[in-house]
Each structure stands twice: as C-alpha cells, then as structure tokens.
Undergrad: 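Pasting in a structure now, in structure tokens, and then I'll have a few things to ask.
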Amino acid sequence: NAGVTQTPKFRVLKTGQSMTLLCAQDMNHEYMYWYRQDPGMGLRLIHYSVGEGTTAKGEVPDGYNVSRLKKQNFLLGLESAAPSQTSVYFCASSRRPGLAGGPHQETQYFGPGTRLLVL
Amino acid sequence: KNQVEQSPQSLIILEGKNCTLQCNYTVSPFSNLRWYKQDTGRGPVSLTIMTFSENTKSNGRYTATLDADTKQSSLHITASQLSDSASYICVVSARNSGGYQKVTFGTGTKLQVIP
C-alpha cells in the first residue's frame, strides 16, 4: 500500500494563478484533511471531508476550495494564489472516529507534503 | 481558546543520551493526546496516543506520560539515536458529540542528535 500520496511535491506560482493539489489514499479511509504548516506555527486545518461528496471548513479555509468526488481522492484548489499561501501543505486521512462519547483514537496518516511558493 | 504549547523549541543532545520533551495544553473537553514524529521534509507519523484514563504509553524507546489533572504530557526518549533527529509534535483532540473531532497541534520541538 502506498498510504497517502500527494501531487505535486513542489510548485512555484505567480500571484493570481490557480492550481490544484491532489491527495490520494489507498487505505479506504472515510475522513480526509488538508493542513498547512508554516514556520513557528502548528499545523492548521484548511478543510476536511467526512466522506465522499462531503466537505467542511476547517480553521483557515479562506482562499481555498476542496472537492471529494471519490472516496480515495481529496483535491485542494487555489483559485487565485497569494503570497500568504506560500506554505507546506499536508494531506491526511483517517478512519471514521468511534461512537459518540467513546475515545476517539483514529490516527491520522499524513502524506509527504507539497511545498508551494507563491511569488 | 484551545492551545497546545511545547518546550523546548529546540534541543541538541549527544547520541546515546536521554531527553524529555514537554507539552502543556488547554484543550477542553479533552479526548486524547498524541505525539507525532516529523522528519525533515516528511509528513508527521504517530508515535503514541493516550486517552484521559491512560497516564503512560510506550513505543520502543519512546515513552509518553499524561497528567490529565495538570494538563501536561511529556515524551521521553531513551538512548537517543541519530535517527531520532526530527520535530516532535504534541497533538490534542477535543471530545465532541460525534463525527470529526477538533484537533490542536503544537508547534513542535526540534530535536537534533549529534554523534
């Protein structure tokens, strides 16, 4: 199994350009997530999905859109890139958490990251 | 506001020595706490997970402790190896009524093990 893979590994964009980051997982996980990681800050959740066809906003969703048309894929789109979106983007996936009130012990499995530079 | 603070920010130790990393959190209601290891240029990988009823968990040379009363956790690395050089991230999840659980990531401790 490849686990979680991300495409591309590195990209340089000019301000205003658009692009799509692709995340794929082969573990049949229900949940998928997009994070960004910036120096001196913890990973911050951009968007997430609890199943095929569903998406939800995370902590820092502005300037990003997502789609989950297939269970194994989660796409992150930047419609008009800005220098503030220069970051390392990580995708993750996990099984569906346990029952309400019970321990939520579903580990997130992360991809290798996509380094994005917006000039 | 849920917060996770880690200390120290960075640490350099000699190969073979032990070290302890700290994590303080204010996440509520608490569900579980994980420690992740992130090698440079890679995604984080889970090391341990503890719920409120667990106060210690080991994974090889890694031992995590949790004090839910004081909202503190530590990660102890025994007999360090060069391959332990990485960032170690404390992640705390908040309990909710179901579905997605809000997680808060610490900024990490960057550990460098030197020969």
Side-chain angles (χ1 to χ4, degrees), chain A residues 2-6 9-10 21 23 25 27 29-51 54-60 68 88-115, chain B residues 1-7 9-10 23-27 29-54 57 59 64 66 68 86-110:
Chain A
V4 180
T5 58
Q6 293 183 231
K9 288 185 171 56
F10 176 68
L21 283 68
C23 174
Q25 53 94 3
M27 296 175 282
H29 284 169
E30 292 286 343
Y31 281 40
M32 297 187 74
Y33 317 80
W34 275 108
Y35 293 92
R36 60 177 290 173
Q37 186 175 41
D38 301 294
M41 303 184 74
L43 278 85
R44 292 181 292 168
L45 183 66
I46 304 171
H47 286 281
Y48 65 98
S49 168
V50 301
T54 68
T55 63
K57 293 180 180 180
E59 184 183 352
V60 288
R68 182 103 181 265
V88 181
Y89 292 85
F90 287 98
C91 176
S93 71
S94 71
R95 295 185 301 181
R96 183 172 49 211
L99 295 174
H104 297 250
Q105 298 195 34
E106 302 309 325
T107 298
Q108 293 186 20
Y109 294 84
F110 286 82
T114 293
R115 190 172 297 272
Chain B
K1 179 181 179 182
N2 290 340
Q3 286 187 314
V4 176
E5 296 182 352
Q6 293 186 243
S7 62
Q9 281 190 325
S10 61
C23 173
N24 296 339
Y25 63 92
T26 59
V27 174
F30 176 81
S31 174
N32 60 67
L33 184 147
R34 293 181 175 86
W35 283 93
Y36 280 87
K37 178 186 180 187
Q38 184 176 21
D39 293 315
T40 300
R42 309 289 291 272
V45 175
S46 178
L47 290 174
T48 63
I49 178 172
M50 289 178 291
T51 62
F52 65 90
S53 61
E54 299 172 298
K57 185 72 71 77
N59 178 0
L66 173 65
S87 288
Y88 291 84
I89 303 173
C90 177
V91 184
V92 185
S93 298
R95 183 162 35 88
N96 62 22
S97 59
Y100 173 70
Q101 53 181 302
K102 180 173 173 56
V103 294
T104 304
F105 288 77
T107 56
T109 292
K110 188 166 186 176

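A, B, ... follow the sequence lines: proteins, then strands. Residue 1 opens every chain. Note that these values count all heavy atoms, side chains included, but never hydrogens, waters or copies made by symmetry. Keep in mind that this is a model prediction, so the values were computed, not measured.
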Undergrad: Determine whether more than 12 heavy atoms belonging to other residues, nucleotides or ligands lie under 6.0 Å from atom CZ of A:Arg44.
TA: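 More than 12 within 6.0 Å, yes.
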Undergrad: Output the option from B:Pro44, B:Gly108, B:Ser53, B:Ser46 having the highest count of non-hydrogen pairs under 4.5 Å with chain A.
TA: B:Pro44
Undergrad: Inspect the surroundings of CZ in B:Phe30 and state if more than 12 heavy atoms from other residues, nucleotides or ligands are less than 6.0 Å away.
TA: yes
Undergrad: Checking side-chain contact (heavy atoms from CB on, under 4.5 Å) for the pair A:Gln108/B:Arg34: CA distance, chi angles, key distance, verdict?
TA: CA-CA 10 Å; A:Gln108 293 186 20; B:Arg34 293 181 175 86; 5.9 Å; no
Undergrad: State, yes or no, whether a side-chain contact exists between B:Tyr36 and A:Leu43 at a heavy-atom distance under 4.5 Å.
TA: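 They are not in contact (no side-chain heavy atoms under 4.5 Å apart), so the answer is no.
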Undergrad: Find the one option among A:Pro39, A:Ala92, A:Gly42 whose heavy-atom pairs under 4.5 Å with chain B are most numerous.
TA: A:Gly42
Undergrad: Search all heavy atoms of B:Thr107 against all heavy atoms of A:Gly40 and return the closest pair with its distance.
TA: CG2-O, 3.4 Å
Undergrad: Under the rule for side-chain hydrogen bond (donor to acceptor under 3.5 Å, both in side chains), what residues qualify as partners of B:Gln6, not counting sequence neighbours?
TA: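 None.
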Undergrad: Quick check: closest heavy atoms across B:Gln38 and A:Phe90, and the distance to 0.1 Å?
TA: NE2-CZ, 3.3 Å
Undergrad: Please classify the contact of A:Glu30 with chain B as side chain, backbone, both or neither, using a heavy-atom distance under 4.5 Å.
TA: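 It is neither, since no heavy atom gets under 4.5 Å.
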